[in-house]
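Only one structure is covered here, and it is reproduced in the block below.
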There are 2 protein chains.
Amino acid sequence: MLNEEKRDITSNKIVKVAHSLFMEFGYKAVSTREIADVCGLTQPTLYHHFKNKKALYLEVLRTELYEMQIALERIIRRYDDLEQCLYQVTYYILINKPSSISQMFRDIEIEMEDQHRKQIKKWWIDAYQAPIASIFEKGIKEAKLRNPAEFGTFPVPSAYLLLNLISTKGPEQGQSEKHAKEQAKLYTRVLLYGMSFPEIRD
Amino acid sequence: MLNEEKRDITSNKIVKVAHSLFMEFGYKAVSTREIADVCGLTQPTLYHHFKNKKALYLEVLRTELYEMQIALERIIRRYDDLEQCLYQVTYYILINKPSSISQMFRDIEIEMEDQHRKQIKKWWIDAYQAPIASIFEKGIKEAKLRNPAEFGTFPVPSAYLLLNLISTKGPEQGQSEKHAKEQAKLYTRVLLYGMSFPEIRD
DNA sequence: TAAAACAATTATCAACTGATAGAAGTGTAT
DNA sequence: ATACACTTCTATCAGTTGATAATTGTTTTA
């Protein structure tokens, strides 16, 4: 095996393992030794591949957010119907991000320095905010959604409404594969149509 | 000053400080020395008032959740109208819990042992889930909300819909006092009436 | 094949973690 | 005033943290 390949393989494995650990337990709660152990490596080896723990976390975020951006843009391109599109996006995030978004926010806010935060924010906007906001923007243009000026549902805040619904995991909500479909359906329906009886809206 | 008073004062201060630190940075990221420093005490003093770090965290949760329970029950008793009640509850949580709920979930899930988790879950249900679910239950009984069997909006899942909307804080949402009112209004309206044009609902 | 480049190791570091023991100080009660 | 209870302190512990230096072994290149 070439050294170049070897390096890539190891680096990718580290990033992959670090990703799952960081997202589940948070930046501070995961030690570099834990990551190395799961990878079958010794801890100093991580420092051969990444400058320090923060650099590794940054790389985790970069790959994570880039993959999400590609996936969401593909879904949005594929589905033209507003409700269908929202459902697919919601389902994809539910399946692929088991409760990692809020953890991410905290770690970015607390553990990262300003210089990195700006870079991460850019990645975040490209990956989540912009794609999802574009769905709502289209819905508004096509007059399928309420007047944002009256209801406060501008594209970007609307994107966060959806993301908030998705991202927090309650103390007893497991995320099975079929349950995710039901949840995605519920989220999109409530977001679009609300919980009240349509007949008695004043 | 009586020794008894002194002890209570110190204990309360520790709990109060620990509360703000734990909720902002998470259980693992906050050291007992940090808590002691903010209290103007030395670290071993904490161990005179609490058996260990976990016991302190438990006490923090207990007081926090109990206060929330009292407050929510009071609000629900006061406001009879569904929308008004949801708005007030949302506003209260937004003001008093700056993004601490999701952090709490994580810490309970990850850092606590099973025996404590069950106790905490009970506190949680009494403080958040049951009161908020009761609002939706009433709305369903009064036929102000959709048929849960068709829409999936049973009282308890509905409560989590609201809590999810409230609890996650995006990467750029500050929580000023006036902004909280707008946000609370937006959340309740969207939850009840949805984002779509009422006219073109099929 | 020799040497240069590279990956991964062992050994180690200072700083920090939660936690304990025992002394010192402070207030209470007889 | 003396004895006691209680609060807080200093000193210290073993374990863990992120990080570095020097070494070993492997691969690539000349």
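Below, chains carry the letters A, B, ... as their sequence lines are ordered, and counting in each starts from 1. If you're wondering where the values come from, they're calculated on a predicted model, not measured in any experiment.
Side-chain proximity of A:T45 to C:dT9, D:dA19, D:dT8: nearest is C:dT9.
Look at CG on B:L41: it is 18 Å from P on C:dG25, rounded to the nearest Å. The interatomic distance linking B:L56 (CG) with C:dA19 (P) rounds to 10 Å, in whole Å. One atom, CZ of A:F50, and another, C1' of D:dT20, lie 18 Å apart when rounded to the nearest Å. In this entry the distance linking OH of B:Y57 with P of C:dG18 reads 14 Å, nearest Å. Across the protein-nucleic acid pair, B:K13 atom NZ and D:dT7 atom P stand 17 Å apart, rounded to whole Å. Atoms CG (B:N52) and P (D:dC13) sit 22 Å apart, rounded to a whole Å. Distance OH (B:Y47) to C1' (C:dT20): 10 Å, rounded to an integer number of Å. Rounded to an integer number of Å, the gap from CG of B:D8 to P of D:dC6 is 14 Å.
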Taking protein heavy atoms under 4.0 Å as touching, what does nucleotides 11-17 of chain C look like 5' to 3' if B marks base contact, S marks sugar-phosphate-only contact and - marks none? B-----B
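When side chains are defined from C-beta on, A:N164 does not count as touching B:I166, because their heavy atoms never get closer than 4.5 Å.
The number of heavy atoms from other shown groups lying within 6.0 Å of NZ (B:K185) does not exceed 12.
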Please list, one pair per line, the donor and acceptor atoms closer than 3.5 Å that link side chains of residues 82-91 of chain B to other protein atoms, with sequence neighbours excluded.
| from | atom 1 | to | atom 2 | distance (Å) |
| --- | --- | --- | --- | --- |
| B:E83 | OE1 | B:Y193 | OH | 2.6 |
| B:T90 | OG1 | B:L86 | O | 2.7 |

Show the atom names and distances, to 0.1 Å, of all donor-acceptor pairs under 3.5 Å that link a side chain in residues 69-77 of chain A to residues at least two apart or in another chain.
| from | atom 1 | to | atom 2 | distance (Å) |
| --- | --- | --- | --- | --- |
| A:Q69 | NE2 | A:E73 | OE2 | 3.2 |

Scan the side chains in residues 30-39 of chain A for donor-acceptor partners under 3.5 Å anywhere in the protein, sequence neighbours excluded, and list what turns up.
| from | atom 1 | to | atom 2 | distance (Å) |
| --- | --- | --- | --- | --- |
| A:S31 | OG | A:R33 | N | 3.4 |
| A:S31 | OG | A:E34 | N | 3.1 |
| A:T32 | OG1 | A:Q43 | NE2 | 3.0 |
| A:E34 | OE2 | A:S31 | N | 3.2 |

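With sequence neighbours left out, B:N147 forms a side chain to side chain contact (heavy atoms under 4.5 Å, CB included) with B:A149, B:E150. Taking B:T42 as the reference, B:P44, B:T45 meet the side chain to side chain contact (heavy atoms under 4.5 Å, CB included) condition, with sequence neighbours excluded. Scanning for ring pair (Phe, Tyr, Trp, His ring centres under 6.0 Å) contacts around A:Y128 gives A:W124, with sequence neighbours left out. Applying the side chain to side chain contact (heavy atoms under 4.5 Å, CB included) rule to B:E113 yields the partners B:K54, B:Q115, B:H116; only residues at least two apart in sequence or on another chain are considered.
Between B:T42 and the phosphate of D:dT10, there is no side-chain N or O to OP1/OP2 separation shorter than 4.0 Å. The phosphate of D:dT8 (OP1 or OP2) has a side-chain N or O of B:H49 nearer than 4.0 angstrom. OP1 or OP2 of D:dT7 sits under 4.0 Å from a side-chain N or O of B:H48.
Recorded end-axis angle for the helix from C:dT1-D:dA30 to C:dT30-D:dA1 stands at 10°, based on five pairs per end and rounded to 10 degrees.
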